[in-house]
Amino acid sequence: FYIMNKKVVVILSSALVLLVIVAIVGKKQGWVGKKHTIKVAVQDVKKQTIIEVVSANGKIQPEKEIKISPYISGEVVELKVKEGDEVKKGDFLAKIDPKIYVSGYERAKANLNTQKANEANVKARLTQSTAQLRNASREYKRKKKLHEQKVISDAEYDAAQANIEVSTAEVEAAKESLNAAKYNVKSAKAGLDEAKENLTRTSIYAPTDGTISRLSVEIGERVQGASQFSSGTELLIIANLHKMEVNVDVNENDIIRISLNDTVLIEVDAYFEEVFKGVVAEIATSAKRSSLGSADQVTNFEVKISILPESYKKLMSGDDTFKSPFRPGMNASVDIQTETVYNIFAVPIQSVVAKIDTSDNENENQDAEEDLKKYVFVVDNNVVIQQEVESGIQNTKYIEIKEGLTGDEKIVIAPYRAITKKLKDGSAVEVVDKKKLFSNED
């Protein structure tokens, strides 16, 4: 009996120790003494200003640049500019070997002179034929009277008549030859003009004021002239570096939000921590497609953004060769401000959760669309209330709340996993500082 009592005491003691351990652990984990809670961080709902932006990346380019290609082919024998030079309209830039075109011009000039000489000869023949026709006409009249008087024979009369017909034909032939000679002169003159134009085009002049932003050839290189099948060899580019723009590609989902003259904040990789300003100057009406693979395609629209000179004025120096701190081809990222709302309720983006509401689908056999609604979790006496809201525009941090909040609420802003997975309407929570939120795992 004593031994049995001793065993009972040992069992009871072990059970008591186990209960104490469970109680301690349970209290620490929230199993004992209170309902299980989820640690969350909260924030007051405040009114603020939200600016909606569309972000994109692109390259800096001059607003105006002209690519210079030759009209004729040949070897570059003179080059009077280098990259970075400022030029004025009409300045001499380069020269293509003119020898072959000088020869062509001389041949065309000689041909014109030959055709003019031929024209003069034909005119002389026409004059001669006309004179012969007049003589034949007078002779015919005399022979006709004599034939009527039976003084001459029929043969002599017929010869006079035939002579006038021949002379008339010769005059007509001379007139046609003169017309042909005139056409030949016009053709030769056109050939001379063309040869002269080709000779003139061996010298290349600046079509506008600007800066030589790119020089693609050297003296001695052969270049191809422009034609209907080719644009020819690019010699150089003249650009207006006083006015620069950023060319970016915007996705089709965002392009509908962008308007002309929207304000743009611009960051250029070459200028760390500098922010420049610009405006949307041009929006493409047609898409440019780029293939990512055999199945996927990305549809983008090109947007041109003018950089405001006032925003980079402090970077300019008096001896700046390029008249601009930017160089064509620099990388830039932009934030296009598409819409702004002032003094509205806003909450952090991560505090808004989207859920599908199927409560209105009374008829299970009916294919009703499921409504996607947005909610925030409002904390009241350590309990969350799932509050439906209507949202508006958003930026990278905050989203506008149009309806559903009065401004007196405290909403859950973290942790994100709890907002999206754990929290339900009526869940018990423990509000902690955001910095201490992850000090202990739930």
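Keep in mind that what you see is a predicted model, and the values were worked out from it rather than measured. Just so you know, these numbers use all the heavy atoms, side chains as well, and skip hydrogens, waters and symmetry mates.
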For residues 177-191, which residue pairs qualify under salt bridge (charged side-chain N to carboxylate O under 4.0 Å, His left out), counting only residues two or more places apart or in two chains? Lys189-Asp193
Can you tell me how far apart CG (Asn331) and CG (Asn57) are? Round to the nearest 0.5 Å. 8.0 Å
Distance in Å, Asn247 CG paired with Lys304 NZ, rounded so as to fall on 0.5 Å steps: 5.5 Å
Are any side-chain N or O atoms of Thr127 and backbone N or O atoms of Lys123, one a donor and one an acceptor, separated by less than 3.5 Å? yes
Using a 3.5 Å distance criterion without hydrogens, assess whether the side chain of Glu106 forms a donor-acceptor pair with backbone atoms of Gly104. no
Would you find a donor on one side and an acceptor on the other, under 3.5 Å apart, between the side chain of Ser230 and the backbone of Ser227? no
Among residues two or more places apart or on two chains, list those pairs meeting salt bridge (charged side-chain N to carboxylate O under 4.0 Å, His left out) that have a residue in residues 258-280. Glu274-Lys314
With Asn253 as partner, the option from Asn251, Ile255, Ile256, Val250 fulfilling side-chain contact (heavy atoms from CB on, under 4.5 Å) is Asn251
Under 3.5 Å, is there a donor on one side chain and an acceptor on the other for Ser306 and Glu245? no
Phe326 vs Phe276, test: ring pair (Phe, Tyr, Trp, His ring centres under 6.0 Å). Steps then yes/no. CA-CA 11 Å; Phe326 309 115; Phe276 308 98; 5.1 Å; yes
Roughly how far, to the nearest 0.5 Å, is OH of Tyr101 from CD1 of Ile96? 7.0 Å
From the list Asp425, Val353, Ile413, Ile385, side-chain contact (heavy atoms from CB on, under 4.5 Å) partner of Phe377 resolves to Val353
Charged N-O contact under 4.0 Å between Glu234 and Arg214: yes
Inter-residue atom distance Asn395.CG - Thr49.OG1, 0.5 Å rounding: 10.5 Å
Just by modelled atom types, is the Leu215 backbone N or O under 3.5 Å from a matching donor or acceptor in the Glu83 side chain? yes
Does atom NZ of Lys95 have more than 12 heavy-atom neighbours from other groups under 6.0 Å away? yes
Rounded distance [0.5 Å steps], CD1 in Ile100 versus CD in Glu75: 12.5 Å
Just to verify, what does Tyr205 make a ring pair (Phe, Tyr, Trp, His ring centres under 6.0 Å) with, not counting sequence neighbours? Phe92
Just wondering, more than 12 heavy atoms not from Tyr71 lying within 6.0 Å of its OH? no
Is the side chain of Tyr271 donor-acceptor paired with the backbone N or O of Tyr312 at a distance under 3.5 Å, no angle test? no
In Å, rounded to the nearest 0.5 Å, how long is the span from NZ of Lys116 to CG of Asn113? 6.5 Å
